[in-house]
2 protein chains.
Amino acid sequence: MATIHDVARAAGVSISTVSYALSGKRAIGAATRDRIDAAVAQLGYRPNAGARMLAGSRTNLLALSAPLHADTYAPAHMTFVLAIAEAAREFDYDTVLLVQDEAVNGLRRMVSSKLVDGIVLLDVDRDDSRVPLVRELDIPVTLVGIPADTTGLTCVDLDFEAAARLSVERLAAQGHRQIGLIGHPEELYARGSNFPIRFRDAFAAAAAEFGVGTHFVMPEQEPVSVRVALEELRRELPGLSAIVLNCNEPVHTMALELLRQDGASIPQDMSVLSACSSFPTDQLDPPLDVIPLPALITGRRGVELTMNQLGGYSEPVVELVPPAYIAKGSTASVT
Amino acid sequence: MATIHDVARAAGVSISTVSYALSGKRAIGAATRDRIDAAVAQLGYRPNAGARMLAGSRTNLLALSAPLHADTYAPAHMTFVLAIAEAAREFDYDTVLLVQDEAVNGLRRMVSSKLVDGIVLLDVDRDDSRVPLVRELDIPVTLVGIPADTTGLTCVDLDFEAAARLSVERLAAQGHRQIGLIGHPEELYARGSNFPIRFRDAFAAAAAEFGVGTHFVMPEQEPVSVRVALEELRRELPGLSAIVLNCNEPVHTMALELLRQDGASIPQDMSVLSACSSFPTDQLDPPLDVIPLPALITGRRGVELTMNQLGGYSEPVVELVPPAYIAKGSTASVT
DNA sequence: CTGAAAGCGCTTACAG
DNA sequence: CTGAAAGCGCTTACAG
């Protein structure tokens, strides 16, 4: 494999000139640059990664801590991972993947061995075991998700509170007075999972603010459980005319199927809104109004915030991505 | 951050002794080793990754090429990624994730910059654009999936042909004479996707061998399409008494729900078998007999085969993981 | 059982 | 606009 010396020899210059030409860190004569470019192309030269890490101040590697719980919703998770890996490439970074328990121990290992320049933490829970660790790590870190204590941390996430409020606001404006909320399986809430809890609590607060009645159910991902949940909503909210879904895609499908079986037309008999969904709701039958969980935006922003810190800008910030409402015709005014 | 010089000084030895003590590549006196261990612990020393890559022959980094298509089934994909990242850790390797088009260009980049010691290719299609590339790469590579031409390549995968044959064999032995096969969406087959095609073709061959009638449908992931597919099976196979599902979890759920609506009891009226599934079928209602797609085993084996090559053993092999049949009571003999 | 030293392939002050 | 050289922190023959 060609080294920088081979390139220098072929171009008739010194290795420092080659290095500077490649990094662009100082001006190079046009003729010189052309000869270097030609030599690089002809030899298929690519700088040795290890040498670069050792001599330079950057490794061009980013650690992505992506622990997977049994209840992790794979499609959303994958979208985040994708967005982060792609965004990293735009900064000429590659992504080292840390999973499971390695998501914690691996971080310490990567930092002390100087393998990575920065870290992105995915799926941060309110009381996340990685938070105390990264607080003492002297390296750029961005959290995707908002922990309970954000002191000194850079975080980014969808504004779940605003999303919950927006859900209630829209439906209340249509005249709905009793709105059901179908959440994730109970286990998630018990574990202190970030998104669902914030959404649930903000939803309740917004309902109080707008003076609408609500009830909250947490079905498992199976038809029987979803049916029981629907029945509970109808029982607790006799005037139920709208349902907000803050749950996985299979539960969406099941709920829509059950409503169909009950002969409830959407949106004539029931308004349905999907909130903070990471999948396309226009594949559903019928397509649902949605406040998307913008995994691509949020994940990408996580990388950008890390790169900002690498660039020297290191004021901790908590960035909340504002929610958007996309209408598909699955909600309607009460008649 | 402490360097090997700090450790050597603290332990009163040379840096080479520290290096050898840590790598275990030569015998060290007990007292010396104790002093080194103490110094390492006290200083929190961890070898610099870049220096190690440059001086040594290993980077301890593995590239995972995991392109994601629009139709990639996230949960299965994630299980593979997990299995590979975890298995890599057991060999003291970390995993660099390559996605999308980077799955191809990134490979070349990592190899020529000597960033990684080996490569695992995930989700290899029959006619995969990465295959010609890795063939000319002078680095250990293992393919998870079997391309059309395996010359010179090390591959591992579930034995889909055997899995298809096993499906037919079990149902034929129960007396079923007409067996429907529900596959993935048509697009996957058009794209030359690996698993589904191999399963479909082997299923047809096995049906011929056992003298049973079959029909093959490829519904989209939505209730209406699945209903149409079921109706097509009943129309084409008037004596339909068994269905094999080689499709995603949502389609499983939909098919079971539709059978329930039709009043068909499982297994009394219809035997149902899930083939090459990457999710737990005992969560379904009813739990289904399954021939699992052992993503954990296959993914892990992909890493092991790469490590074998790194260790010097480099005979290309195509390893097929034999299928297993797990009964859950969803099939029964024809009465 | 241990050490002195070369060398891995870069980056970056220092110098002109 | 360009070059000579130090140095990043390891590993590994070479030597004893």
Side-chain angles (χ1 to χ4, degrees), chain A residues 1-37 39-40 43-61 92 94 109-117 310, chain B residues 1-37 39-40 43-61 92 94 109-117 310:
Chain A
M1 206 121 302
T3 72
I4 196 171
H5 287 99
D6 300 322
V7 176
R9 198 176 311 122
V13 295
S14 72
I15 63 163
S16 55
T17 299
V18 175
S19 178
Y20 283 119
L22 260 36
S23 69
K25 288 190 181 171
R26 79 179 179 192
I28 303 287
T32 308
R33 151 153 284 136
D34 286 348
R35 272 181 294 131
I36 291 175
D37 286 349
V40 165
L43 294 169
Y45 169 72
R46 194 106 49 163
N48 178 289
R52 226 171 162 178
M53 290 186 198
L54 181 57
S57 55
R58 297 283 178 90
T59 68
N60 284 70
L61 249 23
D92 199 31
D94 279 299
R109 185 163 44 79
M110 316 234 123
V111 171
S112 50
S113 69
K114 290 198 192 314
L115 180 66
V116 299
D117 294 333
L310 271 173
Chain B
M1 204 120 306
T3 73
I4 196 170
H5 287 99
D6 301 321
V7 175
R9 196 175 313 120
V13 297
S14 71
I15 63 161
S16 55
T17 299
V18 174
S19 178
Y20 283 119
L22 259 37
S23 69
K25 288 189 181 173
R26 79 178 180 193
I28 303 287
T32 308
R33 152 154 283 136
D34 286 347
R35 271 181 294 134
I36 292 174
D37 286 349
V40 166
L43 295 168
Y45 169 72
R46 195 107 48 165
N48 178 289
R52 225 172 162 177
M53 290 186 197
L54 181 57
S57 54
R58 299 281 179 89
T59 69
N60 285 71
L61 249 26
D92 200 28
D94 279 299
R109 183 164 44 79
M110 316 233 126
V111 171
S112 52
S113 70
K114 290 201 193 313
L115 180 66
V116 299
D117 294 333
L310 271 172

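- Scored by the salt bridge (charged side-chain N to carboxylate O under 4.0 Å, His left out) test, Arg58(B) finds no partners at all (sequence neighbours excluded).
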field: Stepwise side chain to side chain contact (heavy atoms under 4.5 Å, CB included) check, Thr3(A) with Asn48(A)
entry: CA-CA 8 Å; Thr3(A) 72; Asn48(A) 178 289; over 6 Å; no

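- By the side chain to side chain contact (heavy atoms under 4.5 Å, CB included) test, Ala11(B) is found to be paired with Val13(B), Arg35(B), Ile36(B), Ala39(B), residues two or more places apart in sequence or in another chain being considered.
- Legend: residues meeting salt bridge (charged side-chain N to carboxylate O under 4.0 Å, His left out) with Arg26(A), ordered by chain and number and at least two apart, are absent.
- Taking the side-chain hydrogen bond (donor to acceptor under 3.5 Å, both in side chains) definition, one finds that Thr32(A) meets it with nothing, sequence neighbours left out.
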task: For DNA chain D, produce a single dot-bracket line, 5' to 3'. Pairs: Watson-Crick or G-U wobble, both distances under 3.5 Å. Symbols: ( ) within strand, [ ] crossing, | other strand, . unpaired.
output: |||.||||||||.|||

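- Map Arg46(B) and Arg26(B) each onto its nearest nucleotide of DNA chain D; the residue landing nearer the 5' end is Arg46(B).
- Considering every non-hydrogen atom in both Ile28(A) and Ala21(A), the closest pair reads CG1-CA, 3.8 Å.
- With DNA chain D read from its 5' end, the first of the two nearest nucleotides for Met1(B) and Tyr20(B) is the one closest to Met1(B).
- From the 5' end on, the contacts that DNA chain C makes with chain B at under 4.0 Å to a non-hydrogen atom open and close at dC1(C) to dG9(C).
- In this view, Ser16(A) and Ser14(A) satisfy the side-chain hydrogen bond (donor to acceptor under 3.5 Å, both in side chains) rule, not counting sequence neighbours.
- Ser23(A) is linked by a side-chain hydrogen bond (donor to acceptor under 3.5 Å, both in side chains) to nothing, counting only residues two or more places apart in sequence or in another chain.
- Contacts of Asp94(B) classified as salt bridge (charged side-chain N to carboxylate O under 4.0 Å, His left out), with partners at least two apart in sequence or in another chain: Arg109(A), Arg89(B).
- In this structure a side-chain-to-backbone donor-acceptor pair under 3.5 Å is missing from Asp92(B) to Asn60(B).
- Ile4(A) is linked by a side chain to side chain contact (heavy atoms under 4.5 Å, CB included) to Ile15(A), Val18(A), Ser19(A), Tyr45(A), counting only residues two or more places apart in sequence or in another chain.
- At a non-hydrogen distance threshold of 4.0 Å, Leu54(B), Ala55(B) from residues 48-57 of chain B come into contact with DNA chain C.
- Rounded to the nearest 0.5 angstrom, Lys114(B) NZ and Leu61(B) CG are separated by 14.5 Å.
- If you take CZ on Arg52(A) and CG on Leu115(B), they are separated by 11.0 Å, rounding to the nearest 0.5 Å.
- Listed by residue number, the members of residues 3-15 of chain B with any heavy atom below 4.0 angstrom from DNA chain D are Thr3(B), Ile4(B), Ile15(B).
- With DNA chain C read from its 5' end, the first of the two nearest nucleotides for Thr17(B) and Lys25(A) is the one closest to Thr17(B).
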